[in-house]
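In this chain, numbering begins with 1 at the start of the sequence shown. Everything numeric in this text was worked out from a predicted model, so none of it was measured.
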Amino acid sequence: MILRSRHVLRALSLVVLLIAGASLIAVRQTVQAGRPASPPVQVGGDRYGLSTVGLSYPFAAAIAKGFSNAAARAGAMAVVLDAKGDVQKQANDIDDLIAQRAKGIAIMPIDSVVAQGWVDRIGRQAIPVVSVAALIGDPRKRSVRDVYPGLTALVSQDEVTAGEAAGQLAARLLPTGRPARIAVIEGAAGFPEVEQRARGFRQALDKAGILYRIMASQPGNWSSQGGEAACQNILTAQPRIDLIFNEADDMVIGCARAVRAAGSKARLIGVGGSRLAIASIKAGAVDGTVCFKPEALGALAFAALHRAANGAKAGGDRFLTYPIPAVTRANVDACVGQW
């Protein structure tokens, strides 16, 4: 009887060990499955760093992909660090890249004013530095083409022009004969694009002679969930809104859900040319967007660093950009989404 009990206890112990082992494997697989895919890097060669605002943002992840792929083609190694939306972490990431003696450093800044100090610090180490997708400095005092003195280049869309393109789309959609009621879903505090895109949007409406009132403006924090919540709040307080300008396509996707749920007839404009926005324009849920190419931005940023690190003089315009057409259902095939 005692012998049988020992056999039973051994068997039970073995089962417990097997279950525990299987559980650990399952947990590890679950964690790995939930981990975002890292952008491709080239092992070996000179190191080039990219400090990104956060790889959870599809636009930022696409920039990292373009940067990494361009580095791989040049036989270099891309070191992509994820600030996860935290300014202090981004500062630490930049210190890490300096300590690694990166041949060049690209920054996608969370806070464009704080980033001035980072650029100065990198410059003191004689490392080329490029800003990608956002200017360095106070956007209220520095125009997008006024490149910060310490930068090798600013690689970005002209954000004011992007806002103007969105405003030109809106001008064709707004009612006439009365002031149009408009709401704006902004990005997040600290990002220069927030003020720049809104400024360009208003300039285009003014130039078109549109009568309008900005009835509400709320942050959507660059996310679909944030855009949906902001639009819900605005439509509850202002159900007769004619048009909602979302400063990014992630937010316009969430806003479209809120508009549909509220039974609103508000027209929707976004910025970015995301795959979801393009699909939503084709389906009639979104009216238009401005076509960005984040992978192209990443590649341009690496190319500027690579040239500078290899002794090329920074002649000519240090503001590097590309065309950003506005698209509606009529010409949506002109925009191939890169994020």
Report task. Could you please spell out the steps behind the side-chain contact (heavy atoms from CB on, under 4.5 Å) verdict for Val271 and Asn246? Result -> CA-CA 7 Å; Val271 174; Asn246 292 261; over 6 Å; no
Report task. Please test Ile107 against Thr52 for side-chain contact (heavy atoms from CB on, under 4.5 Å), starting from the C-alpha separation and ending with a verdict. Result -> CA-CA 6 Å; Ile107 305 173; Thr52 179; over 6 Å; no
Query raised in the report: When you measure from the side chain of Asn69 to the backbone N and O of Gly66, does any donor-acceptor pair fall under 3.5 Å?
Result: no
Query raised in the report: Hey, does the side chain of Asp82 reach the backbone of Leu55 with a donor-acceptor pair shorter than 3.5 angstrom?
Result: yes
Query raised in the report: Which pair of non-hydrogen atoms, one from Ile63 and one from Val132, has the smallest distance, and what is that distance?
Result: CG2-CG2, 4.1 Å
**Report entry** Glu159, Arg140, Gln157 screened by side chain to side chain contact (heavy atoms under 4.5 Å, CB included) with Gln196, the one that passes
**Finding:** Glu159
Query raised in the report: Would you say Gln90's side chain and Met108's backbone share a donor-acceptor pair under 3.5 angstrom?
Result: yes
Query raised in the report: Taking all non-hydrogen atoms of both residues, which atom of Ala74 and which atom of Phe302 are closest, and how far apart?
Result: CB-CE2, 3.7 Å
Query - Trp118: partners by ring-ring contact (aromatic ring centres under 6.0 Å, His included), with sequence neighbours left out - result: none
Query - Side chain to side chain, Ile136 and Ser112, heavy atoms closer than 4.5 Å - result: no
Query raised in the report: Do other residues, nucleotides or ligands put more than 12 heavy atoms under 6.0 Å from Arg178 CZ?
Result: yes
Query raised in the report: How many angstroms lie between atom CE of Met77 and atom OH of Tyr48, to the nearest 0.5 angstrom?
Result: 13.5 Å
Query raised in the report: Looking at side-chain heavy atoms only, is the closest gap between Ile98 and Ile105 below 4.5 Å?
Result: yes
**Report entry** Approximate separation, where rounding is to 0.5 Å, of Leu97 CG and Leu50 CG
**Finding:** 8.5 Å
Query raised in the report: Nearest 0.5 Å, what's the CZ-CD distance between Arg172 and Gln168?
Result: 8.0 Å
Query raised in the report: So, Lys84 and Asp86, do they make that salt bridge, N to O below 4.0 Å?
Result: no
Report task. State, yes or no, whether a side-chain contact exists between Val53 and Pro109 at a heavy-atom distance under 4.5 Å. Result -> no
Query raised in the report: Are any non-hydrogen side-chain atoms of Leu154 and Leu320 less than 4.5 angstrom apart?
Result: no
Report task. Please lay out, stage by stage, how Asp96 and Ile94 fare under the test side-chain contact (heavy atoms from CB on, under 4.5 Å). Result -> CA-CA 5 Å; Asp96 288 344; Ile94 288 166; over 6 Å; no
Query - Polar side-chain atom of Tyr322 near backbone of Lys293 as donor-acceptor pair, under 3.5 Å - result: yes
**Report entry** Spacing of Arg318 atom CZ and Leu151 atom CG [to the nearest 0.5 Å]
**Finding:** 6.5 Å
Requested in this report: Keeping the roles fixed (side chain from Asp250, backbone from Ser224), state whether a donor-acceptor pair exists under 3.5 Å.
Outcome: no
Requested in this report: Please examine the side chains of Leu169 and Asp287, heavy atoms only from C-beta on, and report whether any two atoms are closer than 4.5 Å.
Outcome: no
Sequence neighbours excluded and cut-off under 3.5 Å, please list the side-chain donor-acceptor pairs for residues 179-192, or say none.
unit_1	atom_1	unit_2	atom_2	d
Arg181	NE	Arg240	O	2.7
Arg181	NH2	Arg240	O	3.3
Glu186	OE2	Ser217	OG	2.9

Report summary line: Between the CD1 atom in Ile241 and the CG atom in Leu268, the distance rounded to the nearest 0.5 Å is 11.5 Å
Query raised in the report: Backbone N or O of Val113 within a donor-acceptor pair of the Gln116 side chain at under 3.5 Å?
Result: yes
Query - Backbone of Arg142 reached by a side-chain donor or acceptor of Asp146 within 3.5 Å - result: no
Requested in this report: Kindly indicate whether the side chain of Asp158, heavy atoms from C-beta on, has any atom under 4.5 Å from the side chain of Phe319.
Outcome: yes
Query raised in the report: Between Asp249 and Ala277, is there a donor-acceptor pair closer than 3.5 Å when you use the side chain of the first and the backbone of the second?
Result: no
Query raised in the report: Is the shortest side-chain N to carboxylate O distance from Asp95 to Arg121 below 4.0 Å?
Result: yes
Query raised in the report: Taking the side chain from Gln338 and the backbone from Glu295, do they hold a donor-acceptor pair closer than 3.5 Å?
Result: yes
Query raised in the report: Just checking, is any N or O donor in the side chain of Asp206 or Tyr212 under 3.5 Å from an acceptor N or O on the other one?
Result: yes
Query raised in the report: Donor-acceptor pair, Asp111 side chain versus Val114 backbone, under 3.5 Å?
Result: yes
Query - Asp333/Lys282 ion pair, N-O < 4.0 Å - result: yes
**Report entry** Single-linkage hydrophobic cluster, 4.5 Å side-chain cutoff, Tyr57 and Phe67 together
**Finding:** yes
Requested in this report: Dump the intermediate steps for side-chain contact (heavy atoms from CB on, under 4.5 Å) on Leu305 and Lys103, then the final yes or no.
Outcome: CA-CA 8 Å; Leu305 286 177; Lys103 291 278 285 185; over 6 Å; no
Query - Heavy-atom side-chain contact between Gln125 and Arg101 under 4.5 Å - result: yes
Report task. Using a 4.5 Å cut-off on heavy atoms from C-beta on, say whether the side chain of Phe59 contacts that of Phe292. Result -> yes
Requested in this report: Hey, could you give me the CD/CZ distance between Glu247 and Arg197, rounded to the nearest 0.5 Å?
Outcome: 6.5 Å
Query raised in the report: Does a side chain donor of either Asp120 or Tyr148 reach within less than 3.5 Å of an acceptor in the other side chain?
Result: yes
